[in-house]
Amino acid sequence: MDNTRVARVLEAIADLLELEDVQWKPRAYRAAAQSIAFMSEDINDVYQKGLLEDIPHVGSSIAKKIAELIKTGSLRYYERLKKKSKVNIEELSRIEGLGPKTIKHLYDALHITNLASLKKAAEEGKIRNLEGMGKKREKNLLEAIHFAQKTKDRHVRGHVVRDIDALKTHITRNPAAGLFLIAGSYRRYTETIGDIDILVTSTQPKKLITHINAFERIERMLAKGSTKTSFVLKNGLHVDVRVVDKNSFGSAAQYFTGSKYHNIALRKIAQKKGLKLSEYGLFRGEKRIAGKNEKSVYAGLGLQYISPELRENQGEIELAKNKKIPTLVAKVHGDVQMHTHYSDGANSVGEMIHACKKMGYAYMGISDHAGTLKIAGAMNKQQIAKQRKEIDKQDFHVLQGAEVDIDSKGKLTLKNDALKDFDYVIASIHSGFHQTKQQLTTRILAAMQNEYVRIIAHPTGRVIGKREGYTLDWERVFNTSKETNTYLEINASPERLDLRDEHIHAAINAGCKLIINTDAHNTDSLHCMDAGIGMARRGYAQDKHIINTKSYMPFLKLLKA
DNA sequence: GCCGTTTTCGGCCCGACTGTTTTCAGTCG
Ligand SMILES: Nc1nc2c(ncn2[C@H]2C[C@H](O)[C@@H](COP(=O)(O)OP(=O)(O)OP(=O)(O)O)O2)c(=O)[nH]1
Ligand SMILES: [Mg+2]
Ligand SMILES: [Mg+2]
Ligand SMILES: [Zn+2]
């Protein structure tokens, strides 16, 4: 019973109660579910320690239910509710514009319980006759059912860069467009995003929105008004655009960046101070006392500024009250995991060096695959020597590293007498993901014990949306990392982002130092460093925790330590 | 159902857009 499963049950209870028209309880269950889904502690540990009621929005009643769920694997209260209702709420509420009230109405009037029966009723024209419904409503439902089947729910953050560029170019081309900001979860650097949220300022919002809605990649409109417009692009990506006056830019940015629960928490603070916070500003009565920029909004609430990456209502507001938010890592001076023609990279050594110089780095490291034939294009002895010569004649701090596979027994696939010729060795797991936590941990520890291994790449092996990362015995991993001065990597490539935020947070709390690398297989991918830094910031990492924030000599000293 | 140095009872974020209404409920961000 992990956090996700507990949260799902609480969410499902909220859905069922909502359908029964129960007041307020659904909100309570949802808030508790939210806390549990996002907290970094394991719910089982919290239960063992008897601290369930310390979780925000978990009181005695919900705590009892969680305890039962953990102890017995099921929950009688939930089963009872489920038995009473025949409606597949999860399926139906995925339909755009279909919420609890309508679902209940449809069930009461037409016994609609799932997508199939909804579709049938709509096609037979039965829905238009219901009270409060009409022809348009029925048509919209049919359309929403049609599109629900083909739209993806979330996108890997790094995969929408081109769409964002195109949207920005289109929107800012219009003279009515002022300040432009990508807000929402994208700005918070979450690994996946549900949609793209864009904030633009304008003195002529209607004119600007007309222009925005003429974007050629739009497939269909979802809503349009005088302050916002929403649509779906031909590739299935949802876009929400909000237009406000520039005097509200800060408060609108705060609102539209979220997260939702962070917003609600801030608005409660405002209430307590006798103020009101909305996207239009922070108000005392009719008077706007902040809103032009985000800093003024936080200051007006008596809070230290909170970076977007931390705005998840996971303790950051409490820290900000006490001015305890640290200065987060913002920039690195080098990148030492990347691949070239020597293994499976798409660019030459020279091209990668040129690109790293353009990134503004002071140093870099090339880490082509070496040591095993299992990974495509691993270098042999001659190639390693040839690459060394090529690297050594450069007028730039270029290190020669290697990425070496850890085999299923924990042995490196290259011998020490070959490893010793590299400036540093990166070890990583590319197979045997299904071993036990113990076995996987042992493999990682064994690699860290090797004197030439300086970095463990993508430590959990996850591939976002495709493969869950494996779990490790983190305490032992962190301890060995410290003992051997082996750095755990924050791999910045879009599908990995591994270590992820909660592991980063745990690692730095344990006293580990980390390194952010892109694992670029071409020059373009070097730019995903930004996302790696974003993930590090989500994990509260500061400069002192990230070794490649150092200039060359101190970095080298740490790498060789 | 949860929560609280102005409350242990009575609140629970605040606003835009849509479709169906002749004044607003539902859904969404
Ligand atoms: N105050 C308030 N703000 C909300 C609410 N729902 C959404 N927002 C704000 C905060 C969100 O970050 C922002 C954009 O909404 P989205 O639904 O796109 O969520 P977000 O981008 O955070 O996550 P996503 O990856 O899109 O699922 O709008 C709400 O119920 N109340
Ligand atoms: Mg969003
Ligand atoms: Mg959105
Ligand atoms: Zn590779």
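To find a chain, count down the sequence lines: A is the first, B the second, and so on, and within it residues start at 1.
Of the residues in residues 157-170 of chain A, not one comes within less than 4.0 Å of DNA chain B through any heavy atom. Contacts with DNA chain B (heavy atom under 4.0 Å) in residues 283-314 of chain A: none are found.
In terms of modelled atom types and a separation under 3.5 Å, the side chain of Arg284(A) and the main chain of Gly274(A) share no donor-acceptor contact.
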Checklist entry - Using a cut-off of 4.0 Å between protein heavy atoms and nucleotide atoms, how would you tag nucleotides 12-21 of chain B 5' to 3' with B, S and -? => result BBBSSSSSS-

Sequence neighbours left out, cut at 3.5 Å: what donor-acceptor pairs do the side chains of residues 111-118 of chain A make with other protein atoms?
from	atom 1	to	atom 2	distance (Å)
Asn114(A)	OD1	Ala116(A)	N	3.2
Asn114(A)	OD1	Ser117(A)	N	2.8
Asn114(A)	OD1	Ser117(A)	OG	2.8
Ser117(A)	OG	Thr113(A)	N	3.1
Ser117(A)	OG	Asn114(A)	N	3.2
Ser117(A)	OG	Asn114(A)	O	3.1

Using a cutoff of under 3.5 Å, can you pull out all pairs of nitrogen or oxygen atoms linking the protein to nucleotides 5-9 of chain B, with atom names and distances?
none

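The base-pairing partner of dC14(B), taking Watson-Crick or G-U wobble contacts with both distances under 3.5 Å, is dG29(B).
Closest contact between the side chain of Asp197(A) and the listed nucleotides dG26(B), dG29(B), dG1(B) involves dG29(B).
The gap from the P atom of dT21(B) to that of dC17(B) amounts to 22 Å, rounded to the nearest Å. With C1' as the reference atom, dT7(B) and dC2(B) are 14 Å apart, rounded to whole Å.
With sequence neighbours left out, His170(A) forms a ring pair (Phe, Tyr, Trp, His ring centres under 6.0 Å) with His211(A), Phe215(A).
Side-chain contact, Thr190(A) with Arg538(A): no donor N or O sits under 3.5 Å from an acceptor N or O. For the residue pair Asn3(A) and Glu41(A), no side-chain donor N or O sits within less than 3.5 Å of a side-chain acceptor on the partner.
For the atom pair CD of Glu279(A) and OG of Ser248(A), the computed distance is 8.5 Å after rounding to the nearest 0.5 Å.
Nearest-nucleotide assignment on DNA chain B puts the 5′-proximal partner with Leu17(A), out of Thr102(A) and Leu17(A).
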